[in-house]
2 protein chains.
Amino acid sequence: MEKQWRRSMPLLSMNIVMQLTGLTARQIRYYEEQELIEPARTEGKQRMFSLDDIDVLLEIKDLLKTGVNIAGIKQIFEMKNSSAASKAVKRVITDTELRAIVKEEMQLAHRQQRASLRQGDLSRFYR
Amino acid sequence: MEKQWRRSMPLLSMNIVMQLTGLTARQIRYYEEQELIEPARTEGKQRMFSLDDIDVLLEIKDLLKTGVNIAGIKQIFEMKNSSAASKAVKRVITDTELRAIVKEEMQLAHRQQRASLRQGDLSRFYR
DNA sequence: ACAATATGTCAGAAAAACTTACATGAATTT
DNA sequence: AAATTCATGTAAGTTTTTCTGACATATTGT
């Protein structure tokens with residue numbers, strides 16, 4: 001609970017993040033557009049990412065792979081944040097919404113043989 | 001003695017390194033020219049630095065501030081490397097050379113009131 | 001079939017970084 | 001004192017990287 005700020009320092013440029021995550025620039029920008037991440041910007045408006053951003057991007061990648069869509073990921077992240085803030089897990093997502101998400105998840109997880117672990121990217125290189 | 005490789009991954013661009021070290025691009029390129037560092041390159045020939053590089057740059061900055069010149073720094077680094085390689089500290093530097101360096105060091109350290117600790121840069125932000 | 005999603009691709013503009021060359025003040029050498 | 005060396009500044013022109021915006025498209029949901 002001390003040098004956590006280091007993980008939130010925006011040190012990484014687009015190119016590196018692409019390599020670390022195995023995502024394309026288009027994907028990364030799209031996730032930002034969808035407000036799943038909010039990278040810092042240089043004076044010249046270029047994106048600068050933190051290690052925390054990398055974490056989030058890898059999680060997005062995994063969730064998409066298992067079939068959750070952006071809307072679902074957004075909800076999941078909201079849940080995380082509210083519980084992480086240790087505020088008695090607010091009901092930001094209705095039960096039906098949650099069930100829909102989980103169902104969707106299960107379906108695709110079944111279809112695809114749950115080939116989960118990412119590879120071909122450099123994610124194994126950090127943390 | 002395990003995830004040390006992470007510190008050697010070239011993740012950082014010139015701009016960030018300038019901020020982290022408080023050095024100018026000119027200085028950083030000059031130190032490379034003098035073979036004190038050897039940053040990786042992207043396909044397009046842009047420099048990419050590792051955390052280890054940052055360490056070295058900060059050390060260069062400190063040593064220069066205390067009055068050691070590039071040649072001296074080069075020698076010091078050689079000593080470090082050979083002893084780090086735990087090869088019975090070879091005499092890569094003659095005694096007279098060493099004395100010259102130390103003398104030079106002492107003189108300048110005296111002149112300048114030994115205002116040592118760096119500030120104004122972001123070095124405190126990592127590690 | 002139609003609409004929505006997530007991503008690819010292209011084009012033009014802007015930002016960042018590169019190399020090379022010349023300038024310069026401080027320190028050192030001759 | 002003049003010349004030289006050292007470490008850094010600065011300018012110009014070029015290349016690389018990133019940006020935004022638009023349009024294309026395959027897959028999935030209704």
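- Along DNA chain C, the nucleotide nearest to B:Arg26 and the one nearest to B:Lys45 differ in position, and the one closer to the 5' end is contacted by B:Lys45.
- For the pair A:Tyr31 and C:dT7, the criterion of a side-chain N or O lying under 4.0 Å from OP1 or OP2 is met.
- The existence of a salt bridge linking A:Lys80 and A:Glu59 is confirmed by a sub-4.0 Å separation between a basic side-chain nitrogen and an acidic carboxylate oxygen.
- Contact annotation: B:Ser13 reaches the phosphate of C:dA17 (side-chain N/O to OP1 or OP2, under 4.0 Å).
- At the phosphate of D:dC19, neither OP1 nor OP2 sits under 4.0 Å from any side-chain N or O atom of A:Gln46.
- Rounding to whole angstrom units, CD of residue B:Gln27 and P of D:dC6 are separated by 17 Å.
- Distances shown here put every side-chain N or O of A:Tyr30 at or beyond 4.0 Å from the OP1 or OP2 atom of C:dT7.
- In this structure a side-chain-to-backbone donor-acceptor pair under 3.5 Å is present from A:Lys61 to A:Thr21.
- Computed from coordinates, the B:Arg47 CZ to D:dT16 P distance equals 14 Å when rounded to whole Å.
- Looking at A:Arg29, its side chain has no donor and acceptor atom pair within 3.5 Å of the base of D:dT20.
- Comment: A:Glu32 engages A:Arg41 in a salt bridge, judged by a side-chain N to carboxylate O separation of less than 4.0 angstrom.
- Rounding to whole angstrom units, NZ of residue B:Lys65 and P of D:dC6 are separated by 23 Å.
- Of the two residues near DNA chain D, A:Asn15 and B:Thr24, the one whose nearest nucleotide lies more 5' is B:Thr24.
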